Structure formats: C-alpha cells, structure tokens
Amino acid sequence: MSEYPPDSEFELIRRYFAPLSVSEEGAYQLKDDAASLSISADKELIVTKDLMIAGVHFISDDSGRTIAQKLLRTNLSDLAAMGAAPRAYALGVALTSNLRTNWLSEFADGLANDQSEYGITLIGGDTIFSSGPLFLSLTAFGEVPKGCAIRRSGAQIGDLVYVTGTVGDSAIGLMAAMGELTKLPDWAKKYLIGRYQIPEPRVKLGKLLVGLASATTDVSDGLIADLGHICSSSNVGAHIDLKDIPLSSAARNACALDSKLIAKVLTGGDDYELLICVPPSVSTKLLNKAESVDVKLSKIGKIVDGSDVSVFSEDKTQLKFEQQGYQHF
Ligand code: ADP
Ligand code: MG
C-alpha cells in the first residue's frame with residue numbers, strides 16, 4: 001500500500017489509528033461500532049470538543065505532527081480548565097487529496113507523542129474524504145471527582161486573578177509565520193511560531209486546582225474575552241494591570257518594535273494558558289501547587305463588583321481595545 005492515499009479507510013484506521021488505542025480495552029482495537037468507557041463510581045466524565053480547519057487554526061503546510069499535537073492539546077487545555085485528568089479521545093478527520101505521502105504517519109506520531117506525555121488514549125472516531133480544506137475534530141474525555149468540576153461561574157468579588165505561563169506568544173507567532181514582523185530577530189520568530197504551533201496545556205496544574213480555585217478557564221479566544229466569560233458567568237467584573245501581564249522575552253522584543261502589539265497579546269488568543277481565580281487566603285497554596293509542577297504563575301489582577309474586564313496601564317489610565325478576542329462570525 002502506498003502511504004497516502006490508502007487502499008481504504010479501514011486500512012488507514014488499522015495502520016495509523018488502531019495502534020494508538022491499545023491501552024484502552026474498551027476501544028476494542030477500533031474494530032467495533034463504538035467504544036465503551038467504564039469509570040469509577042466516585043468520578044464523573046468531563047467532555048469537550050474542538051474543531052480545526054486548515055487556514056484558520058493551523059497553517060496548511062504545517063507538519064502533520066504539529067497539527068495533531070495542536071488538535072489534541074487544545075482539548076487537553078479545556079480538560080485542564082475544568083480540573084479534569086485526561087482519559088480518552090475520539091478523532092474525526094476529513095482528509096484531502098493534497099496531503100504529503102508521509103502526512104498520516106507524522107500525524108499519528110504527533111498523537112502518539114502526546115498520548116504518552118499527557119496520559120490519554122484514542123478510543124474511536126470517524127474518517128472521511130473532503131473535497132474542501134483539511135478539517136479535523138477531536139472529542140476528549142476527562143475525569144474529575146464527582147461534583148468537583150471547576151466552573152467559570154464561581155468567581156467572587158475580592159478573588160485574585162492569576163494566569164499561567166506567558167500570554168500573546170501564539171498570536172504574535174502567527175503574524176511572524178505570515179511574514180509580518182520582519183524586524184524581529186530569528187530566534188524570537190522561531191520561538192513564537194513554535195508557541196502557535198504547539199501549545200502547552202496546563203494538565204498537571206489543572207488537576208491540582210480542584211477544591212482550590214473558585215473559577216478557571218483557558219485562554220483560547222483572547223485573555224480579555226476569556227476573562228470576560230468568567231465575569232459574565234459569575235456576575236462580576238475584573239481589573240487587570242497591564243504591567244503584570246507575563247510576556248516571554250520574544251514577545252517583549254516584538255512589543256518593543258511595535259507597541260500596538262500589546263492589543264494582540266490581550267485579545268489575540270490561542271494561548272491555552274489557564275486563567276485562575278482564587279480567594280486571597282489560598283493564594284500561597286496555589287503558588288506552591290504551581291511550583292510543584294513547574295508552572296510559572298503571575299497575578300494579573302482581581303475580581304471586582306461590575307460586569308466588565310478593565311485593563312489599566314501603570315499610570316492608572318484605562319486602556320480600550322477594538323475587539324476583546326477572536327470571533328469566527
Ligand atoms: P461507521 O461506519 O459506523 O462510521 P467506521 O467504519 O467509520 O464506523 O469506524 C469503524 C471503527 O473505526 C469505529 O470503532 C470507529 O470509532 C473507528 N474509527 C474510524 N475512524 C477513526 C479515526 N479517525 N480515529 C479513530 N478511530 C476511528
Ligand atoms: Mg459502524
């Protein structure tokens with residue numbers, strides 16, 4: 001059989017996907033109509049799905065490996081935001097005629113890498129041929145102790161707002177990948193494009209936030225937009241201090257070349273970092289947990305009475321942004 005296209009969809013599933021299902025008995029080696037998942041009585045399943053399409057969520061000629069990793073990791077980030085431990089996933093692929101011959105083995109390789117990195121197993125899916133762009137979907141299942149999923153709706157006035165890692169790398173990285181930011185040094189471009197292609201979901205930290213955080217979400221649309229989702233679900237507002245927003249040195253470099261990029265940092269999205277609200281009384285505990293899993297955590301603001309996310313510069317003037325985050329429509 002040539003690597004791609006395969007002789008049949010069944011050959012393709014057997015060759016590339018079945019090996020990824022072996023550690024979950026209920027996947028039946030992808031040979032039955034559906035999978036079964038048993039879960040212990042004191043746990044509940046958390047379910048999330050992300051769709052990705054060439055040209056919007058990834059660059060068409062990115063490698064199959066990084067596309068697979070981004071697809072899986074964006075879903076892992078949603079599980080982390082709910083405090084869930086990864087368990088299993090189902091994969092939907094609408095493949096196109098123009099894939100490179102080794103694209104599928106790269107794609108399966110990326111999945112295999114992240115399955116062992118994050119402890120999750122393929123249990124099923126669907127495979128079709130698309131005459132349109134390459135289109136992928138993934139549904140991930142995670143587990144939390146019953147009744148303990150961390151919701152967006154629990155933020156309280158007085159809570160402190162933290163964010164993991166650094167913000168804005170991915171949005172600026174996409175600009176660099178598109179040939180903008182010509183003055184940015186190559187090392188910075190490379191770093192930022194890497195952050196766009198392969199996010200780092202905060203899976204280990206997510207699990208540790210159960211019973212500690214009052215509200216969490218992951219930053220996919222943009223920091224202001226996603227904190228806005230916490231605010232509207234919790235009927236509160238938030239104040240953010242611009243000086244406390246954590247930037248990588250590459251992003252700092254880019255913002256120094258063009259100060260307008262700070263809007264990208266706050267509204268560009270695709271960060272897959274966690275926004276975490278906690279009462280001040282548990283902030284030391286939170287910082288210790290983050291340190292225990294080697295995740296950098298920055299306090300960026302607080303929850304206040306109101307309904308909006310307000311961003312303040314060092315001289316206390318409020319900044320305004322045209323858009324709060326990425327919108328598909
Ligand atoms: P159906 O005909 O009901 O759509 P399929 O013949 O497409 O079922 O699928 C057969 C088996 O292969 C099922 O267990 C399904 O979950 C699995 N499968 C199909 N495509 C994928 C995929 N892309 N990734 C993982 N499992 C898949
Ligand atoms: Mg069937």
Side-chain angles (χ1 to χ4, degrees), residues 1-39 45-79 84-143 197-199 201 203 272:
M1 178 183 116
S2 73
E3 255 209 281
Y4 190 84
D7 296 336
S8 73
E9 77 196 66
F10 305 107
E11 176 58 20
L12 183 155
I13 294 163
R14 189 191 64 74
R15 181 160 172 179
Y16 296 103
F17 296 139
L20 299 171
S21 73
V22 290
S23 50
E24 188 72 60
E25 212 181 320
Y28 309 122
Q29 302 165 54
L30 307 184
K31 286 178 180 163
D32 216 315
D33 292 305
S36 11
L37 266 188
S38 46
I39 115 164
L45 275 182
I46 299 295
V47 182
T48 181
K49 179 181 201 71
D50 275 317
L51 303 177
M52 291 195 353
I53 188 161
V56 178
H57 301 94
F58 56 89
I59 300 161
S60 303
D61 42 69
D62 280 348
S63 77
R65 185 182 169 90
T66 64
I67 293 171
Q69 287 179 296
K70 186 162 189 181
L71 178 67
L72 189 48
R73 289 173 181 221
T74 56
N75 282 280
L76 288 166
S77 179
D78 283 317
L79 293 183
R87 170 74 191 275
Y89 67 100
L91 174 70
V93 294
L95 302 175
T96 50
S97 59
N98 60 352
L99 293 176
R100 289 187 299 275
T101 47
N102 61 346
W103 192 91
L104 269 169
S105 44
E106 287 172 5
F107 186 77
D109 224 46
L111 293 175
N113 181 83
D114 282 5
Q115 286 196 185
S116 53
E117 181 155 351
Y118 296 102
I120 192 166
T121 307
L122 180 63
I123 55 162
D126 204 14
T127 303
I128 61 169
F129 183 78
S130 160
S131 54
L134 178 63
F135 179 73
L136 307 163
S137 114
L138 195 146
T139 304
F141 304 87
E143 293 180 351
Q197 289 174 323
I198 316 182
V203 170
Y272 305 102

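All values derive from a computational prediction rather than experimental measurement. In this chain, residues are counted from 1 in sequence order. Indexing begins at 1, ligand by ligand and atom by atom, following the structure's order. The figures that follow rest on heavy atoms only: side chains count, while hydrogens, waters and symmetry mates do not.
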Would you kindly specify which portion of I123 sits under 4.0 Å from ligand 1, judged on non-hydrogen atoms: side chain, backbone, both or neither?
neither

Quick one: closest heavy-atom pair of P199 and P201, and the distance?
O-CD, 3.4 Å

Exam field: side chain K70 to backbone H57, donor-acceptor pair closer than 3.5 Å:
yes

Nitrogen or oxygen of T127 less than 3.5 angstrom from that of ligand 1
yes

D32 heavy atoms within 4.0 Å reach ligand 1 at atoms 11 (C), 13 (C), 14 (O)

Please state whether Y28 comes within less than 4.0 angstrom of ligand 1, counting heavy atoms only.
no

I need the atoms of ligand 1 closer than 4.0 Å to a non-hydrogen atom of I13, numbered in the order shown.
12 (O), 18 (N), 19 (C), 20 (N)

Which one of L79, I120, T121 satisfies the side chain to side chain contact (heavy atoms under 4.5 Å, CB included) criterion with Y89?
I120

Nearest non-hydrogen contact with atom 24 (N) of ligand 1 belongs to which option: A90, A108, G124, A34?
G124

Indicate whether the side chain of Y28 and that of S21 have a donor and an acceptor atom separated by less than 3.5 Å.
no

Nearest-0.5 Å distance that lies between atom CG in L95 and atom OH in Y4:
4.5 Å

Would you mind telling me which of I46, N75, T48, I123 makes a side chain to side chain contact (heavy atoms under 4.5 Å, CB included) with F141?
I123

Please identify which atoms of ligand 1 are closer than 4.0 Å to at least one heavy atom of F10.
6 (O)

Consider every N or O of G125 and every N or O of ligand 1, then say whether any pair is closer than 3.5 Å.
yes

